[in-house]
There are 2 protein chains.
Amino acid sequence: MTLANPPSRRPGLRIAEAPPTLRELALERLRTAIVEHHFPPGSRLTERDLCGQLGVSRSVVREVIRHLEAEGLVTSIPHHGPIVARLEPEAAEQIYEIRALLESTAAHDAAQSATPEQLAAMRDALSAIAAGYAAGDHHGVILSTTRFYEAMFAAGGKRVAWEVVKRLNSRISWLRAMTIASPGRATTGLGQMQKIFAAIEQRKPEAAAAASRGHVTMAAAIARALLREQAAGPPPSG
Amino acid sequence: MTLANPPSRRPGLRIAEAPPTLRELALERLRTAIVEHHFPPGSRLTERDLCGQLGVSRSVVREVIRHLEAEGLVTSIPHHGPIVARLEPEAAEQIYEIRALLESTAAHDAAQSATPEQLAAMRDALSAIAAGYAAGDHHGVILSTTRFYEAMFAAGGKRVAWEVVKRLNSRISWLRAMTIASPGRATTGLGQMQKIFAAIEQRKPEAAAAASRGHVTMAAAIARALLREQAAGPPPSG
DNA sequence: TTGACCTGTATTGTGTACGATCTTACAATG
DNA sequence: CATTGTAAGATCGTACACAATACAGGTCAA
């Protein structure tokens, strides 16, 4: 049995599933703001400023900060306050390595147990990625890519691993955005993902795992190059 | 270059490293309380009660709860408050699988690049484990086991992976405790870890990875049996 | 000019009180 | 016995107050 359908949930009966509290809204808002690089790494997150920008009180802001701190997106310096976490190249390298392990395992198992619905979800995501590249909509490409992997992990029954990968990805969101937008990525990257999907669809676990490893390895190489050139000369005008 | 020594941190230079705030103390206290099963899974964590038990105000308690929530140790139900997270057998299964992947990779790389100091640290931890088993000090065994793995991940240069494993382990802390205390574990478990260490010391990456996989696989099997028997008849008296 | 010292301001760390809203339990009613 | 209404208790969110610390800037002496 796969983990795709949550247990005992009759749709359309419950009022709202979860009346989102103010805090959850604020958390999501601030997290996407950080992930989408509205706050550059190292920038300070002054509590009172955030109160104003989010429209909530200090308590809520502080609890949200604690949550993001535990997620690794924010670092708190005592008596100085929270700042957006910086990403060390070394950490990025390791994150890609872990992703390669987890994603290839997920691809392997997805090839063994994907349902037709899950395959359809992956196919949809792939075409959305292609459309996003065609339209130059990089943000859409990122979202669809996430959807593809979410479907793949679900197909492989890897709920926990997906949580881990999601969290790790949020820490390299900026690299992912740059990688996706790098020249030639529209053809090679998409091609690799189609290769993963084809292997899963044809029930070839080993091939799926290998293709997945290849994809992450390539992304890591691009990211490495980006980090190197950033370290070499970050301010081209200054 | 390994990742063992943190970048640009000359020891003994910084004034005080970090004056621990009340919040950090409370966080650590509550986390260990949960991990050591003083609060059973599903039990409610009423804010005001915790205020009394921890000796801090509600603000601190709430922020600590948010942190633990992000760590996955606590689940918050809106308007009902936080409860200690329950561990689903399925999640436990996946956690052991991820551990097998990450630990075997760490063992592999540790065999390639461990320094004499790191080997010594692992050897120390091993003898501490043996001593703990001999003295029937299960808690000590757990701590020393953690130390062994910490040294192994450091030797393999896997800082991020270690963070991931630490966090996953905290969610199965109860299972780990039961596994370590299970009959015969003193000989088989310790023997497997010595096998891992021997392979690392002899610079045999593949053997180290295989031994590591074997160790986790066996632990997972014991945990599975524990969970099954717990699901079958948890209250033998009542 | 350099360095030490002092001071004021900004920000965080922590505690406390209050109203609103939701959940739950219990009592009243048919 | 089932249903409804009410009340207690908890959380959610806000506002305010005060202490502790960090940082910037100025003053003053060597």
Side-chain angles (χ1 to χ4, degrees), chain A residues 8-9 13-31 33-34 39-86, chain B residues 9 13-31 33-34 39-71 73-86:
Chain A
S8 76
R9 178 179 299 176
L13 276 186
R14 297 200 65 83
I15 302 298
E17 256 309 322
T21 65
L22 241 189
R23 194 183 57 239
E24 290 180 48
L25 291 175
L27 171 63
E28 199 162 334
R29 200 74 66 89
L30 183 55
R31 177 163 35 204
I34 292 178
F39 296 99
S43 67
R44 298 186 53 173
L45 298 172
T46 306
E47 292 180 4
R48 286 194 171 78
D49 291 358
L50 291 178
C51 290
Q53 297 185 37
L54 290 171
V56 294
S57 77
R58 243 182 103 200
S59 310
V60 175
V61 166
R62 291 179 61 114
E63 293 177 35
V64 167
I65 294 282
R66 292 316 151 222
H67 196 112
L68 294 176
E69 189 182 354
E71 283 188 16
L73 285 177
V74 161
T75 331
S76 271
I77 305 172
H79 293 285
H80 195 169
I83 62 174
V84 178
R86 299 173 190 278
Chain B
R9 178 179 299 176
L13 276 185
R14 296 200 65 83
I15 304 298
E17 261 305 326
T21 66
L22 240 189
R23 180 170 17 96
E24 290 180 48
L25 291 175
L27 170 63
E28 200 163 332
R29 201 74 67 90
L30 183 55
R31 177 165 35 206
I34 293 178
F39 296 98
S43 66
R44 299 185 55 169
L45 298 172
T46 306
E47 291 181 5
R48 286 196 171 78
D49 291 358
L50 291 178
C51 290
Q53 297 186 40
L54 290 171
V56 294
S57 78
R58 262 186 74 210
S59 314
V60 176
V61 167
R62 291 181 61 144
E63 292 177 33
V64 166
I65 294 284
R66 293 315 153 222
H67 196 112
L68 294 175
E69 188 182 355
E71 282 188 16
L73 285 176
V74 162
T75 326
S76 270
I77 306 172
H79 295 286
H80 194 176
I83 62 175
V84 178
R86 299 173 190 279

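Lettering of chains follows the sequences in order, A, B, ..., and the numbering in each one begins at 1. These numbers were taken from a predicted model, which means no experiment stands behind them.
In this structure, A/Glu47 atom CD and D/dT14 atom P are separated by 14 Å, rounded to whole Å. In this structure, CG of B/Asp49 is placed 7 Å from P of D/dA10, rounded to the nearest angstrom. Here the C1' atom of nucleotide D/dC12 and the CD atom of A/Glu24 are 12 Å apart, to the nearest Å. Distance B/Leu50 CG to C/dT14 P: 16 Å, rounded to the nearest Å. Computed from coordinates, the A/Leu27 CG to D/dG13 C1' distance equals 16 Å when rounded to whole Å. Rounded to whole Å, the distance from CD1 on B/Ile83 to P on D/dA10 is 17 Å.
The side chain of B/Ser57 approaches C/dT16 more closely than any other nucleotide in the set C/dG13, D/dA10, C/dT16. When distances run from any side-chain atom of A/Thr46 to the nucleotides C/dT11, D/dT11, C/dT14, the shortest one goes to C/dT11. Nearest to the side chain of B/His79, among C/dT12, D/dC12, D/dT14, sits D/dC12. Comparing atom distances between the A/His80 side chain and each of D/dA10, D/dG13, D/dA22 picks out D/dA22 as nearest.
Between B/Arg44 and B/Glu63, the one whose closest nucleotide on DNA chain C sits nearer the 5' end is B/Glu63. Two residues, A/Ser59 and A/Arg66, neighbour DNA chain C, and the one matched to the more 5' nucleotide by heavy-atom proximity is A/Arg66.
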Passes side chain to side chain donor-acceptor pair (under 3.5 Å), B/Glu63 versus B/His67? Steps please.
CA-CA 6 Å; B/Glu63 292 177 33; B/His67 196 112; over 6 Å; no
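Residue A/Ile65 is out of contact with every strand shown, counting any heavy-atom pair closer than 4.0 Å. Within the 4.0 angstrom heavy-atom criterion, base atoms lie near A/Arg48. Among the protein residues, A/Arg62 comes within range of the nucleic acid bases, having at least one heavy atom under 4.0 Å from a base atom.
Between the side chain of A/Arg58 and the base of C/dG13 there is at least one donor-acceptor pair of N/O atoms closer than 3.5 Å.
Judged purely by atom type and a 3.5 angstrom limit, B/Arg62 has no side-chain atom pairing as donor or acceptor with the backbone of A/Val60.
From A/Leu30, atom CG reaches atom CD1 of A/Ile65 across 5.5 Å, with rounding to the nearest 0.5 Å.
Between A/Leu45 and A/Ile34, some side-chain heavy-atom pair lies under the 4.5 Å cut-off.
The nearest pair of heavy atoms linking A/Glu69 to A/Ser76 is OE2-CB, 3.4 Å.
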